[in-house]
Number of protein chains: 2
Amino acid sequence: MERKPTIKDIAKLAGVTPATVSYVLNGNNRVSEETRKRVLSVVRQLNYRPNMSARALVRNRSYRIGLFIPMSPRAFLDPFFAELLRGLTEVALAYRYVASIIYANGLREVESLHIRELVDGLVITEIKMHDEYIRYFYDKKIPFVSLGRGSHKHFEDYVVADAKKGIREAMKYLYRLGHRRIGMVLGPLGYEYIQERYRFFREVQEELGLSFSSQYIATGANSQEGGKEGARRIMLRSTVKPTAILASTDIMAVGVIEFLQSVGYQVPDDLSVVGYDDVQFSKYIRPSLTTIRQNVYEIGRQAGTMLISQLEHLPYKKPLQIPVKLVVRNSTTVNKENL
Amino acid sequence: MERKPTIKDIAKLAGVTPATVSYVLNGNNRVSEETRKRVLSVVRQLNYRPNMSARALVRNRSYRIGLFIPMSPRAFLDPFFAELLRGLTEVALAYRYVASIIYANGLREVESLHIRELVDGLVITEIKMHDEYIRYFYDKKIPFVSLGRGSHKHFEDYVVADAKKGIREAMKYLYRLGHRRIGMVLGPLGYEYIQERYRFFREVQEELGLSFSSQYIATGANSQEGGKEGARRIMLRSTVKPTAILASTDIMAVGVIEFLQSVGYQVPDDLSVVGYDDVQFSKYIRPSLTTIRQNVYEIGRQAGTMLISQLEHLPYKKPLQIPVKLVVRNSTTVNKENL
DNA sequence: TTGTATGCGTTATCAA
DNA sequence: TTGATAACGCATACAA
């Protein structure tokens with residue numbers, strides 16, 4: 001009979017009661033060094049691992065964590081989430097948790113989900129109306145970690161990428177290539193991370209002593225179409241054209257390139273284009289895209305660790321910032337005006 | 001006090017014992033219609049939902065299912081898995097299960113995972129050495145559903161796409177465009193789904209009365225590089241060049257196109273190229289890719305339903321076949337030789 | 001057709 | 001420092 005050993009088996013073999021075994025396993029220190037050793041040796045010997053269902057029942061936990069994703073066609077096709085989930089899953093399994101996607105479209109759908117029956121806590125991504133969700137989960141006392149800071153005062157359980165450094169690297173790189181008139185095509189400003197990328201763009205512009213012109217800025221949907229449209233507006237209304245364009249996401253950069261090519265510009269010879277994210281297709285398009293890469297997998301890992309630490313009342317550092325870096329490919333080159 | 005109602009609360013209010021409530025909830029029909037109604041009404045009234053942890057403990061289940069993925073850098077960047085997981089997650093949640101990724105690289109790593117502690121069952125994807133995994137899980141009596149059939153005799157819990165129909169549509173489409181010399185660039189034949197796509201290619205060739213020439217066939221890694229290499233070999237060794245090439249995956253098609261362009265061919269004017277899968281980047285590359293689309297989301301849903309039905313001993317149809325369809329974009333056009 | 005009693009594997013309370 | 005024992009919420013064998 002190959003039945004899995006239970007806490008009782010351990011207790012019997014170690015000559016103690018289940019309670020004592022439980023104490024040992026849970027780091028309760030009101031137990032003598034001697035019995036602790038004895039118990040642990042039996043645990044190893046039988047390769048005992050606590051039954052998570054039983055533990056879940058008595059501790060009123062599910063040992064599941066969720067990656068909260070706003071339901072939208074885009075969401076799941078975005079490799080960003082897949083990478084995130086990979087990182088999250090990995091730390092989850094290490095702690096004997098399980099990570100799952102939880103998706104819902106809007107707070108009303110969230111209400112109907114009975115989130116606490118599904119998971120012990122959530123990692124929420126940089127969704128639209130981010131603040132609303134943060135407040136909601138905060139008020140409902142649903143444990144969560146946020147990707148992106150939000151605007152709440154007393155909330156520090158978040159992980160962010162060092163977007164400023166990314167933007168700065170990209171801009172400095174363009175600057176060194178001789179670019180002075182740098183435009184930006186932005187996604188919807190309702191998203192915190194878009195706002196942030198724009199703000200840093202402005203700040204770095206100042207650092208570099210570049211003048212600002214609203215002619216070179218356009219917003220649009222976070223899509224290929226949006227990128228095309230943004231590029232079109234910038235190119236049509238500017239008398240002196242920009243020599244480089246930074247897009248707030250890779251997918252918009254694709255649109256930018258497409259528009260430029262459609263009206264006869266060569267990328268990067270006539271105009272350099274930089275993306276943001278480094279999603280999978282960035283290296284497949286022609287020209288391959290120079291872009292700012294976030295280590296999304298690492299973000300997932302850190303967020304997962306933070307969430308589980310919070311759930312288990314373990315100490316942890318918060319908030320957390322993850323580095324980013326510029327990946328140079330073929331959509332950028334020297335500004336020939338300066339040659 | 002807003003405590004969640006338990007089975008005891010229901011029992012008390014309905015004037016029965018917890019056992020009776022349990023019978024009603026689990027469809028045990030040795031209970032009178034009258035008490036059943038009474039119980040159900042109380043259940044609805046208190047919005048009672050069984051505690052899954054308790055149920056998990058007593059039934060020795062975790063109510064988690066896993067999507068088994070061979071750990072590899074490629075795996076997670078592949079939108080195929082993301083889509084699959086989306087479908088799986090959706091049915092899982094409907095049944096109050098939770099879906100998670102389980103990844104491992106090789107059977108040895110699987111061994112160390114204690115899979116049955118993590119999940120009640122798996123959906124396994126079309127991995128290399130597929131058969132080995134099928135046999136392993138089969139022998140270990142770990143419930144699972146396979147994507148792709150494998151070669152086992154008495155195993156029918158699988159979901160497949162109708163690849164033959166997809167290949168046929170693509171080839172017929174090329175045929176109608178005047179193409180007669182159609183080549184194929186293939187990924188590693190160790191994968192069942194690659195073998196299958198090749199086999200159907202051959203069968204449809206016969207159907208269409210096209211002659212076969214091994215000159216037009218090349219295999220390589222399932223990657224952009226592999227696609228380039230395959231196209232190179234086909235183009236170098238053939239005296240009469242093919243007018244169209246079918247790639248076994250989109251990513252290989254990208255490589256094929258890249259090679260052709262690099263040696264001065266125009267796609268689609270000189271050569272038409274067709275991919276398979278319709279992953280995200282297929283519409284972003286230039287020319288955008290004509291490809292065979294599988295409804296991966298639906299495959300995920302069906303596989304999930306099959307797995308849960310198996311776990312819960314519900315009746316279900318097996319095996320299952322999902323339709324595919326050709327998506328025509330800009331990498332294919334009429335064969336000008338025939339104009 | 002329904003109730004009683006017991007067990008699932010842990011953790012936690014209270015004594016000892 | 002340890003042991004009995006009672007929960008946790010549900011399912012089920014057996015009795016009534």
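In what follows, chains carry the letters A, B, and so on, assigned in the order in which the sequence lines appear, proteins first and then strands, with residues in each chain numbered from 1.
- Legend: ring pair (Phe, Tyr, Trp, His ring centres under 6.0 Å) pairs involving residues 38-71 of chain A, not counting sequence neighbours, sorted by first then second residue: A:Y63-A:Y97, A:F68-A:Y133, A:F68-A:F137.
- Ring centers of B:F155 and B:F144: under 6.0 Å apart, within the cut-off.
- Note on the helix from C:dT1-D:dA16 to C:dA16-D:dT1: terminal axis deviation equals 40°, with five pairs used at each end and the result rounded to 10°.
- Between chain B and DNA chain C, the heavy-atom contact criterion of under 4.0 Å yields a 5' to 3' nucleotide range of C:dT1 to C:dG9.
- Within the structure, salt bridge (Lys or Arg N to Asp or Glu O under 4.0 Å) contacts touching residues 50-71 of chain A (residues at least two apart or in different chains) do not occur.
- Ion pair A:E83/A:R86 flagged as a salt bridge, since at least one NZ, NE, NH1 or NH2 atom sits closer than 4.0 Å to an Asp/Glu carboxylate oxygen.
- Qualifying side-chain contact (heavy atoms from CB on, under 4.5 Å) partners for A:L118, counting only residues two or more places apart in sequence or in other chains: A:I102, A:L113, B:L93.
- Checked against side-chain contact (heavy atoms from CB on, under 4.5 Å), B:K318 has the following partners two or more places apart in sequence or in another chain: B:E156, B:D157, B:M306, B:Y316.
- The backbone N or O of B:P323 sits nowhere less than 3.5 Å from a side-chain atom of B:Q294 that would complete a donor-acceptor pair.
- For DNA chain D, no neighbouring residue in residues 44-55 of chain A is found when judged by any heavy atom under 4.0 Å.
- Scanning for side-chain hydrogen bond (donor to acceptor under 3.5 Å, both in side chains) contacts around A:R301 gives A:E90, with sequence neighbours left out.
- Remark: B:T35 in residues 33-42 of chain B come within less than 4.0 Å of DNA chain C through at least one heavy atom.
- The residue B:N60 sits apart from the nucleic acid: no heavy atom pair falls under 4.0 Å.
- Between the A:E192 side chain and the A:R149 main chain, a donor and an acceptor come within less than 3.5 Å of each other.
- For B:E111, the side-chain contact (heavy atoms from CB on, under 4.5 Å) partners are B:Y136, B:K140, not counting sequence neighbours.
- Between chain A and DNA chain D, the heavy-atom contact criterion of under 4.0 Å yields a 5' to 3' nucleotide range of D:dT1 to D:dG9.
- Partners of A:H114 by side-chain contact (heavy atoms from CB on, under 4.5 Å), not counting sequence neighbours, listed by chain and number: A:E117, B:N47, B:R49.
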